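Only heavy atoms go into these numbers, but all of them, side chains included; no hydrogens, no water, no symmetry mates. On a predicted model such as this, the values are computed, not experimentally measured, just so you know.
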Amino acid sequence: MKIKNIISVKISLQKGRKFFAIVMTILCLVGLQSCEKDFLDVVPDNVTTLENAFKLRNEAQKYLFTCYSYIPKNGDGVYNIGMLAGDETWVAPNRAAITSYAFNIATGTQRKASPYMNAWEGNYQAAGPSDRYPLFDGIRHCNVFLENVEDRTKVADLTEAERLRWIGEAKFLKAYYHYYLMRMYGPIPVIRVSLPIDAPVEQIQVAREPIDATVDYLVSLLDEASVALPPQITDTQNELGRITKPIVLGIKAELLLMAASPLFNGNSDMAGFNTKNGTPLFNTTYDVTKWKKAANAAKEAIIAAESGGHKIFYKNDVAFTISQTAKTKLNITQAITEPWNDEVIWANPNSRTYELQRLCMMPLDNTIAHTQARKVFSPTIESASNFYTKNGVPIEEDKTLTFGDITEIREATAADKFDIKEGYRTSVLNFNREPRFYADLGFDGAIFYKYDSGSDETKYYIKAKYQDYAGSADAFDFNITGYYIKKLVNWEQHFGNGSLYKEYAWPELRLADLYLMYAEALNEADGIAASGEVLQYLDVIRQRAGLKGVVESWTNFSSNPVKYTTQEGLREIIHRERSIEMAYEGKNYWDIRRWKKANQEFNEPVKGWNVFGVTEGAYYQVRTLNQQRFVAPRDYFWPLDETTLIQNPNLIQNPGW
């Protein structure tokens with residue numbers, strides 16, 4: 001009897017042809033000259049068998065781009081799990097504006113029968129649209145490609161240099177898809193080779209493998225991949241988005257950082273979680289050397305990235321005369337939205353950001369339709385409270401400022417005019433905050449500086465009460481918390497002849513992320529002895545954000561001025577700095593999980609302003625939108641679909657499910 005779809009690694013030839021028929025094209029970004037030329041066009045010409053796919057370079061290249069086509073579409077807020085599965089961003093319930101299965105996870109309704117965001121089987125919005133992104137299928141395509149292209153008797157018209165590069169790209173993608181699954185599911189089956197269509201049942205009923213062994217194997221794949229890959233893309237007309245050596249080393253650092261973190265390193269909650277034959281899937285003994293490996297990997301990636309021309313982004317080509325306040329905000333936001341800027345190490349041009357920007361943007365006058373600026377991605381009050389004060393320390397630590405009753409209203413003065421409309425009255429929570437607060441967030445009374453503002457920095461501001469132009473009166477497209485995401489909207493957005501959003505390739509990895517990885521791993525590995533270097537990397541990011549260094553800020557303004565002098569205190573500072581710098585990019589959700597903080601963070605009320613309030617008094621009332629429920633240790637890992645467990649009896653369910 002044939003077993004169908006066992007862990008989705010056995011694909012029929014018919015299904016293989018189906019994936020060949022999917023056209024996954026890279027779309028040229030606005031402002032680039034006929035760039036990238038659809039390098040993910042994966043439709044081989046008249047190819048009906050694998051044998052023909054590897055006879056000629058042209059068809060083999062299309063198979064390589066089939067492997068690329070499974071990269072999760074994180075530039076779409078629906079498919080980027082981290083954007084809506086935690087508590088950083090909220091949307092209206094009952095799918096009023098969008099259908100997001102990640103939001104089902106945030107509201108505590110994940111299930112083991114047909115799980116949401118199921119990347120294992122590729123359904124319920126996992127990784128991309130239309131159930132076309134089962135990552136085990138992507139892994140199988142990588143294995144098929146490698147087994148054929150590594151055979152020097154095939155693809156005769158392929159040069160050796162190009163062959164080695166393609167092999168490196170496929171090995172990276174194979175490792176990345178495994179890593180992506182492991183981050184979600186914990187222990188996974190490792191698919192080292194493609195399985196024949198007629199393989200016996202016992203061969204395709206693959207078991208999950210221990211975490212440490214999986215990490216070691218993926219690291220070896222990434223090391224092999226990095227050898228033949230270029231340090232940077234020189235053919236920017238045709239190859240932007242292709243994998244480079246800094247990308248490989250950066251993801252290796254991210255993998256090792258995850259493996260060193262509390263969820264995977266010495267997690268006693270996983271004691272007794274074994275394979276069917278009794279092999280432990282987690283090593284429950286803490287190993288500090290894992291942090292050292294992560295630190296070394298992050299430093300190696302930083303050196304490679306900087307050698308390849310990557311650097312912290314500053315917006316130095318503004319044609320207008322503007323204040324330093326506006327420049328700093330552009331430095332922050334354009335590091336994300338400026339296409340192919342020097343800070344971005346890995347961008348995915350096959351992941352479009354037009355709709356993401358539309359979901360974040362808000363109307364800026366009463367002539368703009370809600371469908372043009374949907375504003376439904378709504379940062380929570382907790383998220384807004386997470387940003388530092390203007391003095392570069394947490395609001396609960398700043399000894400010079402008080403934010404006790406956030407329903408207290410204050411009027412903006414001339415000193416506030418580049419951040420808050422002068423004369424406008426808004427919550428005290430929105431005053432005296434750091435530049436990233438004003439760059440990343442919109443709120444009632446907030447200034448929004450864009451390209452079409454020219455030299456008039458105060459031209460646009462947000463009016464957010466119920467009957468205002470950015471308010472929540474629309475039946476479908478409305479903001480639910482009173483905070484808006486400005487960070488992900490390119491500053492060249494305008495509402496001319498219809499709304500126009502300048503698309504950018506989604507930044508999967510940027511240099512600031514690597515700096516934070518290195519600081520975290522080094523602090524955990526070497527403690528306070530390494531604090532000098534740790535602070536150096538933190539301060540580079542803080543400088544771009546318009547803040548003083550950690551030592552100066554904490555010494556002068558914190559109620560705990562020596563916090564940075566201990567490993568534990570510096571850990572808190574690093575975690576907070578990372579959560580602010582990476583806000584709304586889909587990273588914080590995974591960080592909270594790997595730090596094993598989800599049991600605390602995701603069991604608290606989700607709050608926002610009363611967006612249905614018409615008057616100032618009614619609007620500035622705190623509403624509880626949801627009481628989150630996170631069950632530990634169960635919810636730290638995705639459940640396996642019950643059908644998958646029936647099909648493959650060698651698999652076991654995650655604890656608690």
Side-chain angles (χ1 to χ4, degrees), residues 72 74-75 77 80-89 102 180 183 250-251 253-255 257-258 261 263 294 298 301-302 305 310 312-313 329 331-338 341 343-348 351 353 356 360 377 379-380 382-388 392 394 434-441 483 485-489 504 506-521 523 534 537-547 550 571-595 597-598 601-602:
N74 287 328
N80 186 327
I81 295 172
M83 284 191 178
L84 289 176
D87 65 349
E88 191 175 48
T89 306
Y180 190 97
R183 186 174 62 172
I251 295 303
E254 189 173 292
L255 164 67
L257 188 79
M258 182 188 76
S261 298
L263 184 61
I302 288 169
H310 295 287
I312 295 297
F313 175 83
K329 287 191 280 189
N331 292 340
I332 294 164
T333 60
Q334 291 301 112
I336 310 300
T337 65
E338 187 95 359
N341 73 76
E343 183 169 330
V344 176
I345 297 170
W346 183 20
N348 179 11
S351 188
T353 54
L356 175 63
C360 294
F377 273 32
T380 61
E382 180 181 26
S383 174
S385 301
N386 187 56
F387 288 84
Y388 294 139
E434 64 156 308
R436 284 177 295 195
F437 178 87
Y438 298 111
D440 291 5
L441 291 176
Y483 284 101
I485 299 178
K486 292 159 59 179
K487 179 180 185 178
L488 303 181
V489 180
Y504 54 93
W506 179 250
E508 299 284 352
L509 179 67
R510 54 191 179 95
L511 189 60
D513 193 355
L514 272 185
Y515 283 179
L516 290 163
M517 290 186 209
Y518 182 54
E520 179 184 347
N523 181 60
V534 170
Y537 280 92
L538 293 180
D539 287 351
V540 170
I541 295 170
R542 290 171 65 88
Q543 182 179 8
R544 193 259 300 279
L547 299 173
V550 169
R571 177 187 299 131
E572 287 185 26
I573 291 171
I574 292 167
H575 286 191
R576 185 73 164 251
E577 190 71 45
R578 182 171 176 83
S579 68
I580 295 170
E581 178 63 27
M582 307 310 297
Y584 316 121
E585 296 179 49
K587 300 266 187 175
N588 285 343
Y589 172 74
W590 301 107
D591 286 336
I592 289 169
R593 286 161 54 91
R594 68 179 176 84
W595 292 330
K597 292 182 175 181
E601 297 289 335
F602 299 156

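- Using modelled atom types and a 3.5 Å distance limit, the side chains of N74 and S351 yield no donor-acceptor pair.
- Of the possible donor and acceptor atoms, none in the side chain of R436 sits under 3.5 Å from a partner among the backbone N and O of F387.
- Distance check: R183 CZ to L263 CG gives 12.0 Å after rounding to the nearest 0.5 Å.
- When all heavy atoms of G250 and L514 are compared, the pair lying nearest together is CA-CD2, 4.0 Å.
- If you take NZ on K597 and CZ on F602, they are separated by 11.0 Å, rounding to the nearest 0.5 Å.
- Between the side chain of R593 and the backbone N or O of A598 there is no donor-acceptor pair closer than 3.5 Å.
- For the atom pair CD1 of I580 and CG of L516, the computed distance is 10.5 Å after rounding to the nearest 0.5 Å.
- Considering every non-hydrogen atom in both D440 and A583, the closest pair reads OD2-CB, 4.2 Å.
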Evaluation steps, side-chain contact (heavy atoms from CB on, under 4.5 Å), between W595 and R578:
CA-CA 12 Å; W595 292 330; R578 182 171 176 83; 4.1 Å; yes
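- With N331 contributing its side chain and R544 its backbone, the two residues share no donor-acceptor pair below 3.5 Å.
- A donor-acceptor pair under 3.5 Å is formed between the side chain of N588 and the backbone N or O of S579.
- The side-chain heavy atoms of R576 and Y388, taken from C-beta on, include a pair separated by under 4.5 Å.
- Of all the heavy atoms in K486 and A439, the pair that sits closest is CB-O, 3.4 Å.
- The pair E520-R594 meets the salt-bridge criterion, since a charged nitrogen lies less than 4.0 angstrom from a carboxylate oxygen.
- A salt bridge is defined here as a Lys NZ or Arg NE, NH1 or NH2 lying under 4.0 Å from an Asp or Glu carboxylate O, and D513 with K587 meets this definition.
- Considering only residues two or more places apart in sequence or on other chains, S383 meets the side-chain contact (heavy atoms from CB on, under 4.5 Å) condition with E88, P379, T380, Y584.
- Checked against side-chain contact (heavy atoms from CB on, under 4.5 Å), P507 has the following partners two or more places apart in sequence or in another chain: I336, V344, Y504.
- The two residues I251 and L509 come nearest to each other via the heavy atoms N-CD2, 4.3 Å.
- The pair E585-R510 meets the salt-bridge criterion, since a charged nitrogen lies less than 4.0 angstrom from a carboxylate oxygen.
- Y515 and Y537 have perpendicular rings, their planes meeting at more than 60° on a 0 to 90° scale where under 30° would count as parallel.
- Rounded to the nearest 0.5 angstrom, D87 CG and E601 CD are separated by 6.5 Å.
- Checking E382 against S385 by side-chain atom types alone, no donor-acceptor pair falls below 3.5 Å.
- Note that CD of Q334 is 6.0 Å distant from CZ of F313, once rounded to the nearest 0.5 Å.
- Nearest approach of L511 to A305, heavy atoms of both residues: CD1-CB, 4.1 Å.
- Counting only distance, with no hydrogens or angles, the side chain of N80 and the backbone of G77 share no donor-acceptor pair below 3.5 Å.
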Under the side-chain contact (heavy atoms from CB on, under 4.5 Å) rule, what do V534 and Y518 come out as? Steps first, then yes or no, please.
CA-CA 8 Å; V534 170; Y518 182 54; over 6 Å; no
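- Considering CZ of F437 and NZ of K329, their distance stands at 11.0 Å, rounded to 0.5 Å.
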Checking side-chain contact (heavy atoms from CB on, under 4.5 Å) for the pair F377/L488: CA distance, chi angles, key distance, verdict?
CA-CA 11 Å; F377 273 32; L488 303 181; 5.8 Å; no
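- Under the 3.5 Å distance criterion, with hydrogens and angles disregarded, no donor-acceptor pair is assigned to the side chains of N523 and R571.
- P435 and L547 make their closest contact through CD-CD2, 4.0 Å (heavy atoms, listed as atom of the first residue, atom of the second, distance).
- Residues passing the side-chain contact (heavy atoms from CB on, under 4.5 Å) test with A85 are I81, A102, I105, Y589, sequence neighbours excluded.
- D539 places a side-chain N or O within donor-acceptor distance of the main-chain N or O of V550, the cut-off being under 3.5 Å.
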Could you go through R542 and E581, starting from their C-alpha distance and side-chain angles, then the distance that decides it, and tell me whether this counts as side-chain contact (heavy atoms from CB on, under 4.5 Å)?
CA-CA 9 Å; R542 290 171 65 88; E581 178 63 27; over 6 Å; no
